[in-house]
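Position 1 is the first residue of the sequence, and the numbers go up from there.
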Amino acid sequence: MRLLDPDAYLWIMAALLAILTFVLLLLCRNKRRKRLRRLTPLVLLLGWGSFYYGSSAWVRQLEVRHVELAFDDLPEAFDGYKIVLFSDVHLGTLTDSRQALLQRAVDSINAQEADIVAFTGDLQNREPEEIMPYVPLLGSIKAHDGIYSVMGNHDYTMYLDTDDPFIISRNLGLTMGLHEEMGWTLLNNTRQIIRRDTARIVIAGMENDGEGRFPELGNVNTALWGISRNDFVVMLEHDPTSWRRKILPHSHTQLTLSGHTHGGQVALLGWSPASLLYRECGGLYEIRGRRLFVTKGLGGVVPFRLGVPPEIVVITLRTSKN
């Protein structure tokens, strides 16, 4: 799939609005269309106003969202454990004035003094060269027990304009290597144990596991190999559709963290069109005490957000026993 330059999408949106404006003004020349002539100024004001704020103001905002989640089986030693979740940075879109958003996000993440920071995929739009200028900044993210990451669909090679296996292999390896260079622990169907004296929790990560045209590479069994069913598991998985397809039926994972949907990037009165495509498109979901949190992310291939500001999420784990 070929991706356009991020700003090209804004030009396309502006062109469509200009065509709509021309058509409405042309129709308004008919004096018998009185209702249309009255509504046209409002329609054009809403259209151009939404375009302006969505491409300039909303896309540069940053919301720090705080969530507390209580679990019966969380070890008491981890009561108050703080996870900062962020996702879908899409560094290829953070050009020019939009770069300031990433600096604010990193500053906000570090200000939380998290136990771990979790990144759930889509660091780039299409190639690792987009990541390279930001390695020092992203490498400055700190957490007591480390930064853990997984791959999103854009972090693979599906958006490269080539079938050359050498280029594909080189780019994938470079993307993965940049996680290591930044000091992030990339969890490709694997896990890490976090200990507090004799107590422990598991931070696991699956490769991107989507549907249709998206890579379906996640393996729950491999990610949780050797893990006891008594362990408390936090699973990182970019695509939230995997929660119902694989994570719930094939593991005992108590908390899954995802991104991918961007919250649809547009919401009207709290409703997003993304909810037509995803059963879990943004926020907290629960089935029989097992939770999924889907962050709306920081960016997107299209630099436009309306009613859905970029966010980082601060999740505090609590034990229900206290």
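- Smallest separation of non-hydrogen atoms from Ser272 and Gly264: OG-CA, 3.5 Å.
- Here the closest non-hydrogen pair linking Ala114 and Val84 is CB-CG2, 3.5 Å.
- Aromatic pair Phe232/Phe78: centroids not less than 6.0 angstrom apart.
- In terms of heavy atoms, Ser87 sits closest to Gly121 at OG-O, 3.5 Å.
- At least one donor-acceptor pair closer than 3.5 Å links the side chain of Ser251 to the backbone N or O of Thr253.
- Partners of Glu127 under the salt bridge (Lys or Arg N to Asp or Glu O under 4.0 Å) rule, at least two apart in sequence or in another chain, do not exist in this structure.
- For the side chain to side chain contact (heavy atoms under 4.5 Å, CB included) with Thr120, the lone residue among Thr256, Asn208, Leu236 that qualifies is Leu236.
- In this structure a side-chain-to-backbone donor-acceptor pair under 3.5 Å is missing from Asp88 to Leu298.
- Leu69 places a side-chain heavy atom less than 4.5 Å from the side chain of Leu284.
- You'll find the side chain of Asp122 reaches within 4.5 Å of the side chain of Asn153, heavy atoms only.
- Enclosure of atom CD in Glu63 by more than 12 non-hydrogen atoms of other residues, nucleotides or ligands within 6.0 angstrom is indicated.
- Environment of CZ in Arg170: crowded, with over 12 heavy atoms of neighbouring residues, nucleotides or ligands closer than 6.0 Å.
- With salt bridges taken as basic N to acidic carboxylate O contacts below 4.0 Å, one links Arg196 and Asp115.
- Here the closest heavy-atom approach between residue Ile131 and residue Leu91 is recorded as CA-CD1, 3.7 Å.
- Residues satisfying the ring-ring contact (aromatic ring centres under 6.0 Å, His included) test with Phe214, not counting sequence neighbours, are His260.
- Under the salt bridge (Lys or Arg N to Asp or Glu O under 4.0 Å) criterion, Arg290 pairs with no residue at all, not counting sequence neighbours.
- Within the 4.5 Å cutoff, the side chain of Leu102 has heavy atoms near those of the Leu138 side chain.
- Residues Glu130 and Asn125 have side chains in contact (heavy-atom distance under 4.5 Å, counting atoms from C-beta outward).
- With hydrogens and angles ignored, the 3.5 Å screen pairs a side-chain donor or acceptor of Asn110 with a backbone N or O of Lys142.
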Taking only distance into account, with no hydrogens and no angle test, what donor-acceptor pairs under 3.5 Å do side-chain atoms of residues 300-309 form with protein atoms, sequence neighbours excluded?
| residue | atom | partner | partner atom | Å |
| --- | --- | --- | --- | --- |
| Arg305 | NH1 | Lys296 | O | 3.3 |
| Arg305 | NH1 | Val308 | O | 3.1 |
| Arg305 | NH2 | Lys296 | O | 2.8 |
| Arg305 | NH2 | Gly299 | O | 3.0 |

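- Leu269 belongs to no hydrophobic cluster, as no Ile, Leu, Val, Met, Phe, Trp or Tyr side chain comes under 4.5 Å of its own.
- Between Ile109 and Asp107 the shortest side-chain heavy-atom distance does not fall below 4.5 Å.
- Judged by distance alone, with hydrogens and angles left aside, the side-chain atoms of Ser169 form no donor-acceptor pair with the main-chain N or O of Pro165 at under 3.5 Å.
- Within the structure, ring pair (Phe, Tyr, Trp, His ring centres under 6.0 Å) pairs that include any residue of residues 110-154 comprise Phe86-Phe119, His90-His154, Phe119-Trp184, His154-Tyr159 (at least two apart or interchain).
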Take Asn219 and Glu207 through the test side chain to side chain donor-acceptor pair (under 3.5 Å) and record every step on the way to the result.
CA-CA 7 Å; Asn219 189 312; Glu207 291 202 55; over 6 Å; no
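- Counting only residues at least two apart or on different chains, the salt bridge (Lys or Arg N to Asp or Glu O under 4.0 Å) pairs with a member in residues 237-262 are Asp209-Arg245, Asp209-Lys246, Glu211-Arg245, Glu216-Arg245, Glu216-Lys246, Arg244-Glu280.
- With sequence neighbours excluded, the residues that form a side-chain hydrogen bond (donor to acceptor under 3.5 Å, both in side chains) with Trp48 are Thr21.
- Taking a 4.5 Å side-chain heavy-atom cut-off between Ile, Leu, Val, Met, Phe, Trp and Tyr, the cluster of Ile287 extends to Ile193, Val202, Met206, Val220, Leu224, Ile227, Val233, Met235, Trp243, Ile247, Leu248, Tyr285, Leu292, Val294.
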List the atom pairs, donor and acceptor, that lie under 3.5 Å between side-chain atoms in residues 171-182 and the rest of the protein, sequence neighbours left out.
| residue | atom | partner | partner atom | Å |
| --- | --- | --- | --- | --- |
| Thr175 | OG1 | Gln124 | OE1 | 3.0 |
| Thr175 | OG1 | Asn171 | O | 3.1 |
| His179 | ND1 | Ser149 | OG | 2.8 |

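- The shortest distance between side-chain heavy atoms of Leu24 and Val43 falls below 4.5 Å.
- Listed here is the closest heavy atom pair of Glu129 and Pro133: O-CD, 3.4 Å.
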Side chain to side chain donor-acceptor pair (under 3.5 Å), that's the test. Do Thr185 and Gln192 meet it? Break it down for me.
CA-CA 9 Å; Thr185 300; Gln192 289 281 327; 5.5 Å; no
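- Between Arg229 and Asp231, every side-chain heavy-atom pair lies at or beyond the 4.5 Å cut-off.
- Summarising the geometry of Leu25 relative to Leu44, their closest heavy-atom pair is CD2-CD1, 4.4 Å, with the distance given to 0.1 Å.
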Verify salt bridge (Lys or Arg N to Asp or Glu O under 4.0 Å) between Asp7 and Arg98, making sure each step is shown before the conclusion.
CA-CA 11 Å; Asp7 288 317; Arg98 292 189 290 267; 3.2 Å; yes
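- Taking the side-chain hydrogen bond (donor to acceptor under 3.5 Å, both in side chains) definition, one finds that Ser275 meets it with Trp271, sequence neighbours left out.
- Using a 4.5 Å cut-off on side-chain heavy atoms (C-beta onward), Ser108 and Leu62 make contact.
- Each salt bridge (Lys or Arg N to Asp or Glu O under 4.0 Å) pair with one or both residues in residues 149-158, not counting sequence neighbours, would appear here, but there are none.
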